[in-house]
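Before any comments, here is the structure.
Note that this is a predicted model, so its numbers are computed, not measured.
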Amino acid sequence: MRHLRAAAAISLAISVAAGVTGCGGGTSSAGGSNESPKTLTYWASNQGPSIEGDKKILAPELKKFEKETGIKVKLEVVPWADLLNRILAATTSGQGPDVLNIGNTWSASLQATGALLPWDDKNFDAIGGRDRFIDSAVASAGKEGEPPAAVPLYSLSYALYYNKKMFADAGIATPPATWGQLVEDGKKLSKDGKWALGAEGSNLSNNIHQTFVLGQQHGADFFDEEGKADFTSDGAVAAVKQYVDFMAKDKIIAPGNAEYAQNQSLTDFAKGRTAMVLWQAAATTFAAQGMKPEDWGVAPVPVPAGAPGAGKQTNSMVAGINMAVFKNTKNIDGAKKFVKFMTSDEEQKILCKTYGSIPPVKAAQSDPAFAAPELKVLRDTLATSAAPLPQVPNESQFETAVGTAVKELFADAAAGKSVTTESVKARLEKAQQTMQQ
């Protein structure tokens with residue numbers, strides 16, 4: 001998910017907005033209405049290489065929708081760094097779009113503002129039915145037990161990318177399937193100024209993505225059944241320590257990765273400085289940096305033992321982009337028609353091929369393009385061994401609090417300080433106290 005580039009510092013703003021009943025958004029008086037739909041406004045997230053690139057990709061599809069329905073879509077592509085703040089402002093001012101993209105990890109937080117259209121059975125039926133979408137993607141669209149606040153648009157999951165030449169030079173025949181194998185292989189690969197595994201130690205969202213998955217493998221959810229923070233359980237502490245120990249104890253992540261937050265680990269991988277990286281749909285980035293498809297391989301993210309699956313065999317968070325509608329739009333019928341169009345089988349094939357994502361629409365996944373090695377791993381992971389991040393209203397604060405704790409622990413490791421179970425627990429206790437303030 002391109003959510004990796006989103007700023008996590010907006011958690012205070014979202015907690016304030018959660019206490020406000022959103023007054024919606026939607027077209028201006030010159031726009032459409034249910035009786036005479038003329039226009040829709042759409043905020044798209046920056047999925048491609050640039051804002052202008054996204055406009056070129058989306059423009060012909062929006063023209064196609066206009067030809068089919070007579071509804072013109074006014075497009076604005078919003079950078080990830082600005083998107084959530086823009087959405088929060090719209091929930092309180094009413095000056096927002098009709099339809100918008102949101103990072104799927106924001107779904108429950110934005111749901112709590114009351115500004116988004118709930119996708120109950122009636123609304124899902126208007127776009128072809130809930131059953132068209134894979135379960136894991138719908139599970140990342142809002143709080144469990146309530147109608148989702150959004151509809152899945154682009155889905156992603158994590159995979160393990162590895163440098164074939166570096167593996168061959170180290171005498172390693174296959175990518176690691178377990179964490180024990182990864183550490184063992186990693187020690188063979190970490191030599192002569194090169195390192196086994198890349199990380200983004202200062203990227204709060206990426207820290208959460210990795211430690212959440214390890215938490216699942218240790219039986220920890222980071223929140224209890226009532227949605228209260230539970231960061232200091234044995235499983236949560238073990239998960240964070242395992243991740244930081246790749247640098248602190250195992251010495252398979254370069255100390256400099258503690259400062260990475262802008263996808264530098266992908267550059268290191270593409271330049272042959274790092275042998276492995278955990279990432280979502282990285283092929284286009286590798287190609288842009290001069291790496292040939294035959295230079296790298298892809299495999300499922302490791303698990304403690306056995307094969308990826310549900311529960312303690314989870315090996316990815318459910319990543320992706322959801323599509324939401326402001327509840328008070330003046331053109332609710334047109335907005336739902338647009339969501340139906342964007343999530344149609346044909347559009348899903350076109351858009352997901354272009355962006356290198358996995359269609360959350362089941363029928364679209366049958367396209368041969370999604371059977372390519374990289375996308376097959378991502379698709380299978382999404383279907384069988386990915387879990388959504390906690391769908392709680394304060395999920396964004398969770399990313400900030402625990403993501404910062406992991407960042408600080410990586411900084412300790414890079415400085416040569418000891419990272420112990422006690423020091424990890426202390427950082428997580430501080431994070432939990434921050435959440436409770």
Quick one: are [X] and [Y] in side-chain contact, heavy atoms under 4.5 Å?
{"X": "I127", "Y": "F133", "result": "yes"}
{"X": "V277", "Y": "L266", "result": "yes"}
{"X": "L110", "Y": "L84", "result": "yes"}
{"X": "I208", "Y": "F398", "result": "yes"}
{"X": "I51", "Y": "K55", "result": "yes"}
{"X": "D221", "Y": "D230", "result": "no"}
{"X": "E76", "Y": "T41", "result": "no"}
{"X": "Y158", "Y": "Q210", "result": "yes"}

What do you reckon, is [atom1] of [X] surrounded by more than 12 foreign heavy atoms closer than 6.0 Å?
{"X": "D169", "atom1": "CG", "value": "yes"}
{"X": "K64", "atom1": "NZ", "value": "yes"}
{"X": "K164", "atom1": "NZ", "value": "yes"}
{"X": "E259", "atom1": "CD", "value": "no"}
{"X": "D224", "atom1": "CG", "value": "yes"}
{"X": "E225", "atom1": "CD", "value": "no"}
{"X": "K340", "atom1": "NZ", "value": "no"}
{"X": "K336", "atom1": "NZ", "value": "yes"}

Is the F269 to F286 ring centre distance short of 6.0 Å?
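Yes, they do, as the ring centres are separated by less than 6.0 Å.
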Which heavy-atom pair separates [X] from [Y] by the least distance, and what is that distance?
{"X": "G356", "Y": "A281", "answer": "O-CB, 3.2 Å"}
{"X": "A236", "Y": "L428", "answer": "O-CD1, 4.1 Å"}
{"X": "L153", "Y": "M323", "answer": "CD1-SD, 4.1 Å"}
{"X": "R273", "Y": "T267", "answer": "NH2-CG2, 3.7 Å"}
{"X": "V240", "Y": "V406", "answer": "CG1-CG2, 4.0 Å"}
{"X": "G227", "Y": "V392", "answer": "CA-CG1, 4.2 Å"}

V339 and side chain to side chain contact (heavy atoms under 4.5 Å, CB included): which single residue from V151, N123, L117 fits?
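Single pass found, and it is V151.
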Side-chain donor-acceptor pairs of residues 171-180 under 3.5 Å, sequence neighbours excluded:
residue, atom, partner, partner atom, Å
T178, OG1, Q181, N, 3.1
W179, NE1, Q217, OE1, 2.8
W179, NE1, P302, O, 3.4

Check for a donor-acceptor pair, side chain of [X] on one end and backbone N or O of [Y] on the other, with a separation under 3.5 Å.
{"X": "D245", "Y": "A248", "result": "no"}
{"X": "S423", "Y": "V419", "result": "no"}
{"X": "S190", "Y": "K187", "result": "no"}
{"X": "Y162", "Y": "F167", "result": "no"}
{"X": "N46", "Y": "P79", "result": "no"}
{"X": "Q365", "Y": "P360", "result": "no"}
{"X": "K362", "Y": "D131", "result": "yes"}
{"X": "E200", "Y": "Q264", "result": "yes"}
{"X": "S366", "Y": "A363", "result": "yes"}
{"X": "T384", "Y": "G309", "result": "no"}

Would you compute the distance between atom [atom1] of [X] and atom [atom2] of [Y] and round it to the nearest 0.5 angstrom?
{"X": "T211", "Y": "F222", "atom1": "OG1", "atom2": "CZ", "result": "4.5 Å"}
{"X": "S396", "Y": "L389", "atom1": "OG", "atom2": "CG", "result": "11.0 Å"}
{"X": "N163", "Y": "M291", "atom1": "CG", "atom2": "CE", "result": "4.5 Å"}
{"X": "I321", "Y": "S357", "atom1": "CD1", "atom2": "OG", "result": "8.5 Å"}
{"X": "N322", "Y": "S45", "atom1": "CG", "atom2": "OG", "result": "10.0 Å"}
{"X": "N203", "Y": "N263", "atom1": "CG", "atom2": "CG", "result": "7.5 Å"}

Return the orientation label for the [X] and [Y] ring planes: parallel under 30°, perpendicular over 60°, tilted otherwise.
{"X": "F231", "Y": "F223", "result": "perpendicular"}
{"X": "F341", "Y": "F65", "result": "tilted"}
{"X": "F246", "Y": "Y243", "result": "perpendicular"}

Using the side-chain contact (heavy atoms from CB on, under 4.5 Å) rule, take W279 and L156 through it: C-alpha gap first, then chi angles, then the decisive distance, then the call.
CA-CA 10 Å; W279 210 260; L156 289 165; over 6 Å; no
Can you give each donor-acceptor pair under 3.5 Å made by side-chain atoms of residues 135-149, sequence neighbours left out, with the distance rounded to 0.1 Å?
residue, atom, partner, partner atom, Å
S136, OG, L382, O, 2.9
S140, OG, N104, ND2, 3.2
S140, OG, A137, O, 2.7

SB check [X] [Y] (cutoff 4.0 Å):
{"X": "K349", "Y": "D345", "answer": "no"}
{"X": "K425", "Y": "E422", "answer": "no"}
{"X": "D82", "Y": "R86", "answer": "no"}

Short side-chain donor-acceptor distance under 3.5 Å, D268 and Y260
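Yes, side-chain donor-acceptor contact under 3.5 Å.
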Donor-acceptor side-chain pairing of E399 and S205 below 3.5 angstrom
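There is such a pair (donor and acceptor under 3.5 Å, judged by atom type) between the side chains of E399 and S205.
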Starting from the C-alpha separation in whole Å, work towards a yes-or-no answer on side-chain contact (heavy atoms from CB on, under 4.5 Å) for Y161 and E374.
CA-CA 9 Å; Y161 295 85; E374 179 197 26; 2.5 Å; yes
Determine, step by step, whether L351 and L58 satisfy the side-chain contact (heavy atoms from CB on, under 4.5 Å) criterion, reporting the C-alpha distance in whole Å, the side-chain angles of both residues, the deciding distance to 0.1 Å, and the verdict.
CA-CA 8 Å; L351 293 170; L58 292 171; 3.9 Å; yes
Chi angles and distances behind the side-chain contact (heavy atoms from CB on, under 4.5 Å) call for D98, F338:
CA-CA 10 Å; D98 299 286; F338 184 51; over 6 Å; no
